[in-house]
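Okay, structure first, notes after.
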Amino acid sequence: MYDVNSKNAQDFIHHGEILETLQYAEENKDNLELISKLIEKARKQKGLTHREASVLLACTDEEKNQEIFKLAKEIKENFYGNRIVMFAPLYLSNYCINGCTYCPYHMKNKTIPRKQLSQEEIAKEVIALQDLGHKRLALEAGEDPVHNTMDYYLESIKTIYGIKHKNGAIRRVNINIAATTVDNYRLLKEAEVGTYILFQETYNKENYELLHPTGPKGNYDYHTEAMDRAMEGGIDDVGLGVLFGLEQYRYEFAGLLMHAEHLEAAFGVGPHTISVPRLKDADDIDASEFKNGIDDDTFAKIVACIRISVPYTGMIISTRESQSVRERVLKLGVSQLSGGSKTTVGGYNEETESEGDSSQFELSDTRTLDEVVQWLIQMDYIPSFCTACYGLGRTGDRFMSLLKSGQIQNCCHPNALMTLQEYLMDYASPTTKALGEKLISKEIANVPSENVRKTVAENLRLIREMNR
Ligand code: SAM
């Protein structure tokens with residue numbers, strides 16, 4: 001039985017319901033009357049169910065698909081404006097006891113050099129990241145209860161928040177680590193972690209078990225119910241994702257939306273973010289051996305359909321994707337972007353870089369943060385280094401209700417401008433600085449209230465005078 005309120009993973013992401021959804025979508029993929037109705041429903045910006053969204057994903061009618069893309073763009077602009085939140089991954093450790101067949105961290109891989117950063121090395125990495133201008137990090141690590149303990153993570157988070165260097169500090173630390181217990185999630189919350197990110201990899205249990213033949217990650221139920229435990233432990237910002245390429249994309253899409261519906265039904269708050277990673281070649285992993293890879297057009301359609309189905313959920317794209325793919329999906333729904341990323345343990349600082357290549361996967365976008373920022377500005381996006389919401393405790397359902405009512409735009413836009421101005425003063429190249437300042441001058445006019453506009457203009461003046 002499919003039960004959206006159930007705490008049991010088997011019930012809330014029910015295999016039978018996914019199969020019925022796929023059949024329903026297949027039967028209705030040319031039903032233009034229904035598709036038009038669903039597009040109209042999505043236009044109300046209150047989202048779609050997994051069944052409805054799956055029909056739109058399956059639709060092959062060119063005209064209707066163009067309408068879906070156009071609507072995704074409109075919804076993206078309405079909810080997120082032209083702001084793009086910037087972040088960087090920080091790889092703490094690649095020790096791992098799992099046997100995931102698609103990941104080079106798998107235990108049997110003897111060619112990859114294993115490394116765990118010490119607290120001193122973390123500090124060096126963080127200073128290198130701060131010197132680039134980053135304010136928001138996503139911690140990454142393999143699963144290894146001996147090396148990568150909860151105490152290690154807690155200490156690392158404390159180290160990171162504690163580093164005050166030159167012009168600022170890391171203001172938000174998100175974390176992507178293996179599924180854990182309610183008590184551990186509570187400890188992470190107490191350590192003021194931001195979003196807890198965990199990719200489902202695949203929602204197909206049978207396939208999941210084949211892809212995770214050994215190690216604790218092989219327990220599908222424990223992995224799938226991780227977000228329930230995280231919520232129970234008080235982490236109200238959780239980030240979902242699947243690794244596209246492992247399973248048929250329509251299956252994953254339905255599972256992802258069912259997971260989001262479940263969180264909303266059971267906890268009153270949907271996922272804070274959805275990531276859309278695609279499988280890449282890596283050390284001893286050949287992505288072409290996995291037969292469910294998706295092309296760029298399908299990828300763009302998935303992003304657009306997610307955008308119109310869960311308008312209030314942020315979407316993240318990493319440097320797994322090329323500049324051109326990133327450019328395309330930014331328009332369709334992506335609201336957070338990494339820049340200048342290194343997926344090697346210790347990759348940001350020469351002193352901490354490990355010998356040999358310990359990177360987790362091949363990057364397609366290898367530009368520096370400054371190049372990414374400049375590129376965004378040239379496309380009229382505002383790269384945002386803002387983390388103000390979290391400082392003010394606007395997380396979880398409070399954040400969602402603000403976002404759903406559209407109010408968050410009133411404070412996000414000015415904050416994005418001010419944090420961009422800080423970035424331009426402290427870290428940008430002369431060209432990026434000149435282009436950024438031009439954009440900021442233009443964007444001030446788009447601050448709705450006159451009073452806020454005046455305050456922002458004054459703050460920008462102060463920042464320019466280095467008087468922050
Ligand atoms: N240990 C954590 C876990 O068990 O979820 C974090 C894993 S890893 C540091 C972060 C993510 O990288 C994984 O969840 C997986 O989706 C992704 N990943 C693994 N191998 C990959 C590959 N070959 N290409 C692209 N992404 C990959």
Side-chain angles (χ1 to χ4, degrees), residues 87-107 109 112 114-117 137-145 147-150 152-153 156 174-180 184-185 188 193 195-203 207-208 211-212 214-220 222-227 229-230 238-247 252 256 273-290 292-294 299 316-322 325 338 341-345 347 357-365:
F87 77 98
L90 172 57
Y91 280 77
L92 296 179
S93 165
N94 60 5
Y95 281 98
C96 195
I97 59 164
N98 286 313
C100 317
T101 57
Y102 52 85
C103 178
Y105 286 4
H106 67 90
M107 198 182 180
N109 187 353
I112 195 164
R114 302 286 170 171
K115 185 172 168 74
Q116 183 195 46
L117 295 180
L137 300 182
L139 303 186
E140 306 277 343
E143 180 168 13
D144 183 324
H147 287 95
N148 310 338
T149 61
M150 188 47 59
Y152 170 72
Y153 292 133
S156 306
N174 299 332
I175 195 162
N176 178 4
I177 52 167
T180 186
N184 280 339
Y185 287 124
L188 285 170
V193 84
T195 311
Y196 172 64
I197 303 162
L198 182 69
F199 299 157
Q200 178 62 31
E201 318 303 4
T202 176
Y203 282 101
N207 195 7
Y208 183 97
L211 291 159
H212 305 90
T214 57
K217 190 162 171 174
N219 184 337
Y220 176 86
Y222 191 73
H223 188 83
T224 310
E225 288 164 8
M227 296 316 191
R229 293 192 301 280
V238 299
L240 303 181
V242 290
L243 186 54
F244 284 102
L246 299 180
E247 172 57 67
E252 306 295 39
L256 200 51
T273 54
I274 289 182
S275 298
V276 285
R278 277 196 288 186
L279 187 68
K280 300 282 299 179
D281 284 339
D283 197 68
D284 67 342
I285 306 296
D286 177 358
S288 68
E289 283 176 11
F290 294 79
N292 291 307
I294 46 170
F299 187 60
I316 302 180
I317 193 102
S318 76
T319 51
R320 287 177 183 86
E321 299 298 337
S322 66
V325 169
S338 50
S341 303
K342 298 277 191 286
T343 64
T344 37
V345 179
D357 186 6
S358 68
S359 56
Q360 202 203 355
F361 45 78
E362 283 177 15
L363 301 184
S364 297
D365 188 344

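Hydrogens, waters and symmetry mates are skipped; everything else that's a heavy atom, side chains included, is used. In listed order, ligands and their atoms are each counted from 1.
Under the 3.5 Å distance criterion, the side-chain polar atoms of S275 are left unmatched by any main-chain donor or acceptor of P277. Y185 places no side-chain N or O within donor-acceptor distance of the main-chain N or O of A179, the cut-off being under 3.5 Å.
Scanning E201, H106, E143 for the heavy atom closest to atom 13 (C) of ligand 1 points to E201.
Using a 4.0 Å cut-off between heavy atoms, D281 makes no contact with ligand 1 at all. Residue-level proximity to ligand 1 for P277 is absent, since no heavy atom of it falls below 4.0 angstrom. Residue contacts with ligand 1, taken as heavy atom pairs separated by less than 4.0 Å, involve A141 solely via the backbone atoms N, CA, C and O.
The distance criterion of under 3.5 Å between nitrogen or oxygen atoms is not met by E140 with respect to ligand 1.
Inter-residue side-chain proximity for Y220 and N207 is flagged as unmet; no heavy-atom pair is nearer than 4.5 Å.
Exactly one of L279, V276, T202, N292 qualifies for a side chain to side chain contact (heavy atoms under 4.5 Å, CB included) with F244. That residue is V276. Only one option out of H106, H223, E143, E201 pairs with K217 in a side chain to side chain donor-acceptor pair (under 3.5 Å); it is E201.
For ligand 1, the atoms sitting less than 4.0 Å from at least one non-hydrogen atom of R278 are 25 (C), numbered in the order shown with element in parentheses. Those atoms of ligand 1 with a heavy atom of Y102 less than 4.0 angstrom away are 19 (C), 20 (N), 21 (C), 22 (C), 23 (N). For ligand 1, the atoms lying closer than 4.0 Å to a non-hydrogen atom of C103 are 19 (C), 20 (N).
In this structure, the separation between OG1 on T101 and CZ on F290 is 4.0 Å, given to the nearest 0.5 Å. Atom NE2 of residue H147 and atom CD of residue Q116 lie 6.5 Å apart, to the nearest 0.5 angstrom.
Of the protein's non-hydrogen atoms, K217 NZ, 3.4 Å is the one closest to atom 3 (C) of ligand 1.
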